[in-house]
Number of protein chains: 2
Amino acid sequence: MEIMNTISKENYLKTIYQIKKPKSKKVSTAHLAKRLEVSNAATSDMAKKLFDLGLVKYQPYRGVELTAKGEKLALNVIRRHRLWELFLIKTLNLSWSEVHTEAERLEHQASDFLIDRIDEYLDYPDFDPHGDPIPNKNGELPVQPDSVKLTAAEVGKFYFIHRVKNDDIKLLDYLTELGLKLNMQLQVLSRLEFDNSVRVKINNKEHSFSEKIAEKLSLVSADGEKR
Amino acid sequence: MEIMNTISKENYLKTIYQIKKPKSKKVSTAHLAKRLEVSNAATSDMAKKLFDLGLVKYQPYRGVELTAKGEKLALNVIRRHRLWELFLIKTLNLSWSEVHTEAERLEHQASDFLIDRIDEYLDYPDFDPHGDPIPNKNGELPVQPDSVKLTAAEVGKFYFIHRVKNDDIKLLDYLTELGLKLNMQLQVLSRLEFDNSVRVKINNKEHSFSEKIAEKLSLVSADGEKR
DNA sequence: TATTTAACTTAAGCTTGCTTAAGTTTTCAA
DNA sequence: TTGAAAACTTAAGCAAGCTTAAGTTAAATA
Ligand SMILES: [Mn+2]
Ligand SMILES: [Mn+2]
Ligand SMILES: [Mn+2]
Ligand SMILES: [Mn+2]
């Protein structure tokens with residue numbers, strides 16, 4: 001078993017990394033299948049191949065887990081994805097959702113050389129346009145600031161928008177439409193007990209977000225900073 | 001037979017377009033095979049598939065020729081390639097050969113939307129970094145200026161470097177090393193009858209190019225222009 | 001024009017990454 | 001603790017894009 005690096009394998013590794021929980025790092029093949037929109041049979045099959053390549057631990061009926069080698073490759077795909085996103089936003093000024101869609105395909109192309117040049121052009125950024133951390137070329141993640149989800153933010157306090165989960169393109173488009181951008185300041189006005197929706201003030205405009213949306217927004221405290 | 005657009009098919013179409021002569025547009029499967037570095041059997045096989053898709057005319061033992069539909073697709077791949085090249089040169093300042101290698105892979109990725117945004121960013125350029133014409137989104141090529149190859153240029157006259165054939169990366173690197181850039185002015189000093197090598201002056205430095213190199217350089221007359 | 005050789009195609013078979021259908025193994029509720 | 005249901009895997013098979021080996025056709029040459 002030698003060599004690898006196909007688009008399909010890269011997507012499996014990346015997705016395993018994205019799905020895994022911090023504690024139990026095991027990912028069921030069925031869960032993987034759902035995310036990748038392929039049959040369960042296909043993921044079982046691939047699990048065996050990735051195992052033979054030393055990229056995952058795998059025991060039938062017990063799910064997969066990335067090995068150190070597999071995780072490094074996964075982080076490299078993620079790095080490529082996020083650098084492409086930031087690069088396209090900086091140069092072509094695309095929107096959150098547009099950039100994500102393109103990066104989904106470009107992440108598998110581009111040599112390491114090109115990615116490093118993009119990294120250099122962007123001055124070695126720590127975060128991508130959604131606030132997601134960008135692994136460096138050694139696969140190390142930048143230190144992340146303390147953040148809370150909007151669902152858990154304190155009423156009355158001021159925050160900066162630090163990260164927007166980009167697993168749903170519709171949401172990204174909606175937030176873009178509202179004029180929301182990363183690093184904007186935000187004040188939590190109130191939280192409705194009935195449905196856990198949150199009222200916030202951004203740029204002197206008030207917005208109400210459902211719990212489902214609030215869950216996707218991560219904030220860092222703006223205490224002692226410019227208001 | 002429906003749908004298409006795989007990386008492999010795009011490369012076949014592009015290569016057929018690149019190989020074909022202006023008069024007889026037929027391309028032998030063996031010639032294609034050599035250029036694509038696959039077996040003859042593989043190109044015969046693919047010829048049938050492209051025929052079934054209505055992208056080439058093909059009769060066994062008679063070579064292939066692009067249909068209008070096939071040519072349009074080929075030009076679109078070429079458009080994507082050349083816009084990527086120019087975009088990467090403009091933003092990241094890569095060299096001729098670097099940019100060509102990356103574009104070779106990126107040409108198959110990127111949505112039409114992204115390509116149009118790159119086109120817009122570059123202000124709808126007519127030529128790529130090697131002086132190759134960039135088809136517009138309808139597959140139309142820009143009007144090309146009258147040019148001569150350095151092999152046929154007049155001794156004593158002044159020209160601008162208009163185009164450098166980029167089918168050999170080693171050559172591109174060599175020319176880059178010499179400091180050659182597109183649109184530079186050049187004077188033909190002499191031509192040696194023995195081997196058809198040419199002496200030229202560029203930027204007040206003299207260079208001698210073999211016939212093989214001179215053939216790769218296209219020039220436009222600099223008459224009546226700044227010297 | 002006949003025959004040899006070069007050019008090209010077809011046949012058979014491989015790998016990758018899928019699918020559906022037919023097993024297994026786990027899990028969980030009784 | 002047991003058996004039905006859920007979760008997962010294996011088997012068989014397909015399409016794409018290759019390969020090598022065995023034809024076939026066309027071209028060149030005598
Ligand atoms: Mn991907
Ligand atoms: Mn992102
Ligand atoms: Mn290509
Ligand atoms: Mn070019």
Side-chain angles (χ1 to χ4, degrees), chain A residues 1-16 19-21 24-65 70 73-74 77 104-105 107-109, chain B residues 1-16 19-21 24-65 70 73-74 77 104-105 107-109:
Chain A
M1 292 296 151
E2 274 310 319
I3 300 176
M4 84 126 228
N5 238 38
T6 67
I7 292 178
S8 189
K9 288 198 179 66
E10 286 193 349
N11 280 330
Y12 275 88
L13 293 175
K14 181 180 101 163
T15 306
I16 295 168
I19 291 178
K20 71 166 213 285
K21 295 273 174 358
S24 167
K25 296 188 177 179
K26 275 196 189 150
V27 171
S28 77
T29 52
H31 193 170
L32 245 190
K34 198 168 242 173
R35 273 283 285 259
L36 290 167
E37 300 185 84
V38 295
S39 67
N40 286 5
T43 41
S44 283
D45 223 49
M46 184 59 91
K48 258 182 285 175
K49 291 178 194 164
L50 295 177
F51 174 80
D52 288 342
L53 289 165
L55 301 174
V56 302
K57 289 184 219 164
Y58 172 57
Q59 282 185 295
Y61 300 98
R62 300 264 106 123
V64 294
E65 181 180 340
L73 285 172
V77 178
E104 206 52 66
R105 314 171 73 201
E107 66 187 5
H108 309 288
Q109 248 33 58
Chain B
M1 291 296 153
E2 275 310 319
I3 300 178
M4 83 124 228
N5 238 40
T6 65
I7 292 179
S8 188
K9 290 197 176 67
E10 286 192 348
N11 280 331
Y12 275 89
L13 293 175
K14 181 179 99 162
T15 306
I16 293 168
I19 290 177
K20 74 164 210 286
K21 293 274 175 354
S24 167
K25 296 187 175 178
K26 276 194 187 151
V27 171
S28 77
T29 52
H31 193 169
L32 246 189
K34 198 170 243 174
R35 272 285 284 261
L36 290 167
E37 300 184 82
V38 296
S39 68
N40 287 3
T43 41
S44 285
D45 223 50
M46 184 59 91
K48 258 182 284 175
K49 290 178 195 166
L50 295 176
F51 174 79
D52 289 342
L53 290 164
L55 301 173
V56 301
K57 290 185 221 164
Y58 173 58
Q59 283 185 293
Y61 299 100
R62 298 266 109 122
V64 294
E65 179 181 341
L73 285 172
V77 178
E104 207 52 66
R105 314 169 74 201
E107 67 187 4
H108 308 289
Q109 246 39 55

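Below, chain A is the first sequence line, B the second, and so on; all start at residue 1. Bear in mind the structure is a predicted one, so any value in this text is a computation, not a measurement.
B:Asn40 is linked by a side chain to side chain donor-acceptor pair (under 3.5 Å) to nothing, counting only residues two or more places apart in sequence or in another chain. With sequence neighbours excluded, the residues satisfying side chain to side chain donor-acceptor pair (under 3.5 Å) with B:His108 are B:Glu10, B:Asn11. Judged as a side-chain contact (heavy atoms from CB on, under 4.5 Å), and not counting sequence neighbours, B:Lys34 has no contacts. With sequence neighbours excluded, the residues forming a salt bridge (charged side-chain N to carboxylate O under 4.0 Å, His left out) with A:Lys14 are A:Glu104, A:Glu107, listed by chain and number. Applying the side-chain contact (heavy atoms from CB on, under 4.5 Å) test to A:Phe51 and every residue at least two apart in sequence or in another chain returns A:Val56, A:Tyr58. For B:Arg35, the side chain to side chain donor-acceptor pair (under 3.5 Å) criterion is met by B:Gln18, not counting sequence neighbours. With sequence neighbours left out, A:Lys57 forms a side chain to side chain donor-acceptor pair (under 3.5 Å) with no residue at all.
Between B:Tyr12 and the choices B:Val38, B:Val64, B:Leu55, the side-chain contact (heavy atoms from CB on, under 4.5 Å) rule is met once, by B:Val38.
The NE2-C1' distance, from B:His108 to D:dA16, rounds to 16 Å in whole Å. Atom CZ in B:Arg62 sits roughly 15 Å away from atom C1' in C:dA6 (whole-Å rounding). Between B:Gln59 atom CD and D:dA26 atom C1' the separation is 14 Å, expressed in whole Å. Atom pair B:Asp52:CG and D:dG17:C1' shows a separation of 15 Å (rounding to whole Å applied).
In this structure, B:Tyr61 does not reach the D:dA27 phosphate: none of its side-chain N or O atoms is under 4.0 Å from OP1 or OP2.
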Tabulate protein N/O versus nucleotide N/O from nucleotides 16-21 of chain C, keeping only pairs under 3.5 Å, one per line.
| residue | atom | partner | partner atom | Å |
| --- | --- | --- | --- | --- |
| C:dG17 | OP1 | A:Thr6 | OG1 | 2.6 |
| C:dG17 | OP2 | A:Lys9 | NZ | 2.7 |
| C:dC18 | OP1 | A:Ser8 | OG | 3.0 |
| C:dC18 | OP2 | A:Ser8 | OG | 3.3 |
| C:dC18 | OP2 | A:Tyr12 | OH | 3.3 |
| C:dT19 | OP2 | A:Ser39 | N | 2.6 |
| C:dT19 | OP2 | A:Ser39 | OG | 2.6 |

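Residues of residues 29-36 of chain A having a heavy atom closer than 4.0 Å to DNA chain D, listed by number: A:Thr29, A:Ala30.
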